[in-house]
Amino acid sequence: MTMPSPRNGLFDLTGKVAIVTGGNGGIGLGMAKGLADAGATVVIAARDAAKGEGAVMALAASGARSGFVAVDVTDAASCRGLVERTVERFGRLDILINNAGINIRKAPESYTPEEWHRVLDINLTGAFLCSQAAHPALCRAGGGKIVNIGSMMSIFGAAFAVPYAASKGGIVQMTKALATAWAKDKIQVNAVLPGWIDTDLTRQTRRQMPGFHERIEARTPAGRWGSPDDMAGVAVFLSAPASDFVTGAAITVDGGYAAQG
Ligand code: NDP
């Protein structure tokens with residue numbers, strides 16, 4: 001049987017240019033691979049240049065046009081520089097995936113103000129600063145797509161991750177607000193709420209909490225952890241013409257985790 005090509009109009013990203021923050025590994029790289037397979041040029045944006053160049057090589061190996069730009073999403077000038085360098089090098093910007101994120105796991109009573117701000121600054125303010133920086137270029141392209149990465153903690157409480165949960169709850173509300181503001185510019189803004197995905201971020205949690213891996217497996221209807229590759233399809237959908245009337249949505253990609261009471 002012949003598999004349908006992803007480049008069939010509704011899901012075709014040929015000629016589009018995308019930025020994926022935190023695209024040098026984990027979920028970001030999984031999404032970047034999906035966008036590249038659908039025909040997009042992908043700019044990997046993060047702090048670690050060696051890891052970034054590795055991701056670019058992985059994308060180039062499958063024939064994609066790709067480049068690395070260093071960014072710290074907490075710095076507004078750095079976010080503006082990311083968009084400028086992307087447009088200088090690749091001519092335009094159509095898609096922004098706000099994926100950069102961290103977690104600091106602690107009991108709520110023991111966070112320092114600096115730790116609280118660090119998580120909020122990267123996960124929430126960083127997504128806002130990149131969106132703000134991208135807006136003029138997306139308008140010049142005649143419209144575009146912004147995809148923000150939330151979490152199961154956009155929905156559920158988490159005793160050990162209060163600033164993370166606050167940042168990911170904020171991502172959903174920021175998504176709705178930006179979707180409302182920029183619909184007139186033909187920019188669709190949506191959020192993806194991943195379930196538990198096997199990445200460096202969750203490897204750290206699993207090391208700290210014996211039995212956690214098994215508990216997640218048992219709680220997830222699909223009976224397994226997700227992989228970064230599981231995030232590719234939703235990234236393509238929310239970046240492609242297929243989602244042109246979808247905006248302000250928060251889509252769970254979680255093997256049914258959030259559906260189960
Ligand atoms: P990773 O740790 O693999 O990826 C996080 C990425 O963010 C890294 O590539 C890192 O690159 C980048 N990053 C961190 N701080 C900054 C910064 N200041 N500026 C620019 N880039 C930064 O984890 P995941 O792939 O798991 O996480 C990706 C996103 O998915 C995060 O937003 C996370 O909260 C979210 N998520 C993850 C889930 C999971 O189960 N794994 C579940 C739900 C949501 P560098 O250090 O080089 O800057």
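All ligand and atom numbering here is 1-based and tracks the order in the structure.
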- request: Determine, using the 4.5 Å side-chain heavy-atom cutoff (strictly less than), whether Phe128 and Val147 are members of one ILVMFWY cluster.
  value: no

Name the closest protein heavy atom to [atom], giving the residue it belongs to and the distance to 0.1 Å.
atom                    : answer
atom 27 (O) of ligand 1 : Leu201 CD2, 4.0 Å
atom 18 (N) of ligand 1 : Asp72 OD1, 3.0 Å
atom 13 (N) of ligand 1 : Ala100 CB, 3.8 Å
atom 12 (C) of ligand 1 : Gly22 CA, 3.7 Å
atom 42 (C) of ligand 1 : Gly195 O, 3.1 Å
atom 28 (C) of ligand 1 : Asn99 OD1, 3.1 Å
atom 10 (C) of ligand 1 : Asn24 OD1, 4.1 Å
atom 33 (C) of ligand 1 : Tyr164 OH, 3.5 Å

- request: Only heavy atoms count here, so choose which of Arg47, Lys51, Gln204 is nearest to atom 14 (C) of ligand 1.
  value: Arg47

Heteroatom proximity flag, [X] to ligand 1, N/O under 3.5 Å:
X      : answer
Thr199 : yes
Asp48  : yes
Ile197 : yes
Val73  : yes

Can any side-chain N or O of [X] pair as donor or acceptor with the backbone N or O of [Y] at less than 3.5 Å?
X      : Y      : result
Asp230 : Ser227 : yes
Ser78  : Val71  : no
Thr74  : Asp121 : no

Which of the atoms in ligand 1, numbered in the order shown and given with their element, are less than 4.0 Å from a heavy-atom of [X]?
X      : value
Ile149 : 30 (O), 35 (C)
Gly101 : 5 (C), 7 (O), 31 (C), 32 (O)
Thr202 : 39 (C), 40 (O), 41 (N)
Trp196 : 40 (O)
Ile122 : 15 (N), 18 (N)

- line: From the list Thr21, Val69, Val56, side-chain contact (heavy atoms from CB on, under 4.5 Å) partner of Ile44 resolves to Val56

query: Which is it for Met153 and ligand 1 at heavy atoms under 4.0 Å: side chain, backbone, both or neither?
result: neither

- prompt: Looking only at heavy atoms, is any part of Ile27 under 4.0 Å from ligand 1, and if so is it the side chain, the backbone, or both, or is it neither?
  reply: both

Have [X] and [Y] got a donor and an acceptor in their side chains that come within less than 3.5 Å?
X      : Y      : answer
Ser131 : Asn98  : yes
Asp12  : Thr14  : yes
Lys145 : Ser243 : yes

message: Is Gly150 close enough to touch ligand 1? Criterion: a residue heavy atom under 4.0 Å from a ligand atom.
response: yes

message: Heavy-atom contact check, 4.0 Å cutoff: does Val71 meet ligand 1?
response: yes

message: Counting only heavy atoms not in Lys51 (residues, nucleotides, ligands), do more than 12 fall under 6.0 Å from its NZ?
response: yes

task: Please test Arg92 against Arg140 for side chain to side chain contact (heavy atoms under 4.5 Å, CB included), starting from the C-alpha separation and ending with a verdict.
output: CA-CA 8 Å; Arg92 57 189 290 136; Arg140 281 199 300 280; over 6 Å; no

Between CD on residue Gln132 and OG1 on residue Thr125, distance to nearest 0.5 Å: 11.0 Å

message: Within this structure, what is the OG-CD1 distance for the pair Ser239 and Ile97, rounded to the nearest 0.5 Å?
response: 4.0 Å

field: Salt-bridge criterion met for Asp198 and Arg203 (N-O under 4.0 Å)
entry: yes

Test item: protein heavy atom less than 4.0 Å from atom 4 (O) of ligand 1: no

task: Determine the interplanar angle of the Trp196 and Trp225 rings, folded into 0 to 90°, and report it as parallel if under 30°, tilted if 30 to 60°, perpendicular if over 60°.
output: perpendicular

